[in-house]
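Worksheet: one structure, shown below.
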Amino acid sequence: MKFISGKTAFLVVGILMLFITVGCQSRAWYEDRAVSRARTFVEEKCRYLSQQELEFVRYHKPVVMTDYIIGFNANRLGKRMPLSQICIAWMIPNRQEALVVFGWGSGDFNDWYPNRVFWKRYEKPNKILIETRDKVAVYAINNMLFMNRKQVNRVRFTVPQQVFTNFDLSKGKIPFEDRADARQKLLAAGAGGNVKSAKAAKKDLIQVSFFWIDPADVDSRIVVTGLCKQNNLTGFSPATASFMNADDLLKHTINKPGKIAMENTGKNAIKAEMKVQTAGNTIKKR
């Protein structure tokens, strides 16, 4: 009976460990390989770049951005992993936009290949606006339980438009749980408010309405209205959600299209609207 010597056993184990090490690379290794593929793709597709710009792409570390998309894909070990869209970008000096190489694959970069390259300007995200839109969408879905699937999907997956409005929020349109709640004083600051502090609160509050076009009726709008204290929607609180005719929404819109931009300060917008209304009244009197 033959026995394997210690040296032979050690050699066999070493060979097995070598195969395992070579077959299982780290995520960083696959990410570096993806970056190398992106660099090669840029050199092939972007021949208009100068030598200095190509060298910047070749020798500078890019920004890697990933996000999940619907679907699954098998990674190198055969395990199902969520598909990811992966963008590898360089901010080249003296360029106003980022050079982005787009592709998709599993999140470990194992099967990532470049699909296309393009230029894109990345603006600083307005976190307050994004959070407010999410809050508005959740409010509409939770309070408008009679919406059908298409309407719910329109609210969930599309960005609403927003305008300054002057709806009367004091005539029973808001289901106050506690009539003695001090919050009622703030919400009743719309036109025709009957609370004593409404006039004082109205100076600080701005009424904003978010709306979607109803997929079932192009003349209908899904509207969520609320109040906030600043033009950047800080502290925005939804007050009511309902279906509304497009003409009715336009009648109560203060900043009609092309008149006052949403980015203007609330006070300036209100002053501008007051000037417009005053001018109109003056013309009528004459």
Side-chain angles (χ1 to χ4, degrees), residues 65-70 82 84-85 87 98 100 120-169 173-175 183 186-187 189-190 201 204-270 272-273:
M65 299 170 286
T66 63
D67 196 8
Y68 290 125
I69 57 179
I70 298 176
S84 298
Q85 54 177 335
C87 293
V100 183
K120 179 176 176 61
R121 180 188 295 273
Y122 287 93
E123 303 290 350
K124 186 177 180 180
N126 188 335
K127 294 183 179 180
I128 296 178
L129 178 59
I130 295 173
E131 292 175 357
T132 302
R133 286 172 174 171
D134 293 340
K135 183 191 299 184
V136 167
V138 172
Y139 185 88
I141 293 172
N142 288 343
N143 289 273
M144 302 177 69
L145 303 179
F146 43 84
M147 288 194 298
N148 59 37
R149 181 176 298 179
K150 289 184 178 180
Q151 292 167 336
V152 171
N153 288 340
R154 173 63 59 87
V155 173
R156 287 183 60 192
F157 299 118
T158 62
V159 177
Q161 301 180 53
Q162 66 266 9
V163 290
F164 292 123
T165 52
N166 59 358
F167 291 108
D168 186 355
L169 302 181
K173 295 182 179 180
I174 306 172
R183 178 176 160 79
L186 298 179
L187 297 179
D204 299 327
L205 293 177
I206 300 172
Q207 185 183 119
V208 183
S209 292
F210 291 80
F211 68 92
W212 296 264
I213 298 176
D214 188 350
D217 184 2
V218 295
D219 294 326
S220 177
R221 301 291 182 265
I222 304 170
V223 183
V224 176
T225 302
L227 300 174
C228 61
K229 292 186 178 181
Q230 299 181 28
N231 66 297
N232 62 359
L233 299 176
T234 300
F236 178 85
S237 179
T240 180
S242 63
F243 284 103
M244 186 176 300
N245 185 273
D247 293 335
D248 292 337
L249 176 61
L250 188 60
K251 288 179 183 178
H252 292 276
T253 298
I254 295 178
N255 58 323
K256 293 181 174 58
K259 185 181 293 185
I260 304 173
M262 187 63 189
E263 288 75 13
N264 289 349
T265 60
K267 292 183 178 179
N268 290 339
I270 294 175
E273 180 62 21

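Remark: aromatic rings of Tyr139 and Phe236 are distant, center separation not under 6.0 Å.
Side-chain N or O atoms of Gln151 include one that pairs as donor or acceptor with a backbone N or O of Asn148 at under 3.5 Å. Panel note: side chain Arg154, backbone Ile213; a donor-acceptor pair is recorded below 3.5 Å.
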Task: Stepwise side chain to side chain contact (heavy atoms under 4.5 Å, CB included) check, Arg133 with Val136 - done: CA-CA 5 Å; Arg133 286 172 174 171; Val136 167; 5.6 Å; no

* Asked: Hey, mind stepping through Gln207 and Asn166 against side chain to side chain donor-acceptor pair (under 3.5 Å) and telling me if it holds?
  -> CA-CA 7 Å; Gln207 185 183 119; Asn166 59 358; over 6 Å; no

Verdict with reasoning, Phe164 to Val208, per side chain to side chain contact (heavy atoms under 4.5 Å, CB included)
CA-CA 5 Å; Phe164 292 123; Val208 183; 4.0 Å; yes

As a quick check of understanding, evaluate side chain to side chain contact (heavy atoms under 4.5 Å, CB included) for Leu233 and Gln162, giving each step before the final call. CA-CA 11 Å; Leu233 299 176; Gln162 66 266 9; 5.6 Å; no

Any chance you could lay out the side chain to side chain contact (heavy atoms under 4.5 Å, CB included) test for Thr165 and Val223, step after step, and finish with the verdict? CA-CA 11 Å; Thr165 52; Val223 183; over 6 Å; no

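Atom OG1 of Thr132 is separated from atom CG of Asn126 by 8.0 Å, given to the nearest 0.5 angstrom. Separation of atoms CG (Asn143) and OG1 (Thr240) is listed at 8.5 Å; rounding is to 0.5 Å. One finds the NE2 atom of His252 at 10.0 Å from the OG1 atom of Thr225 (value rounded to the nearest 0.5 Å). How far CG of Asn245 is from CG of Asp217: 8.0 Å, rounded to the nearest 0.5 Å. Atom-to-atom distance recorded for Ser209:OG and Leu227:CG is 9.0 Å, nearest 0.5 angstrom.
When all heavy atoms of Leu249 and Thr253 are compared, the pair lying nearest together is O-OG1, 2.6 Å. Pairing each heavy atom of Leu169 with each of Ala239, the nearest pair is CD1-CB, 4.4 Å. Pairing each heavy atom of Met147 with each of Ile141, the nearest pair is CE-CA, 4.1 Å. Of all the heavy atoms in Ala241 and Ala140, the pair that sits closest is CB-CA, 4.5 Å.
Listed by chain and number, the residues in a ring-ring contact (aromatic ring centres under 6.0 Å, His included) with Tyr122 amount to none (sequence neighbours excluded). Qualifying ring-ring contact (aromatic ring centres under 6.0 Å, His included) partners for Phe146, counting only residues two or more places apart in sequence or in other chains: Phe243.
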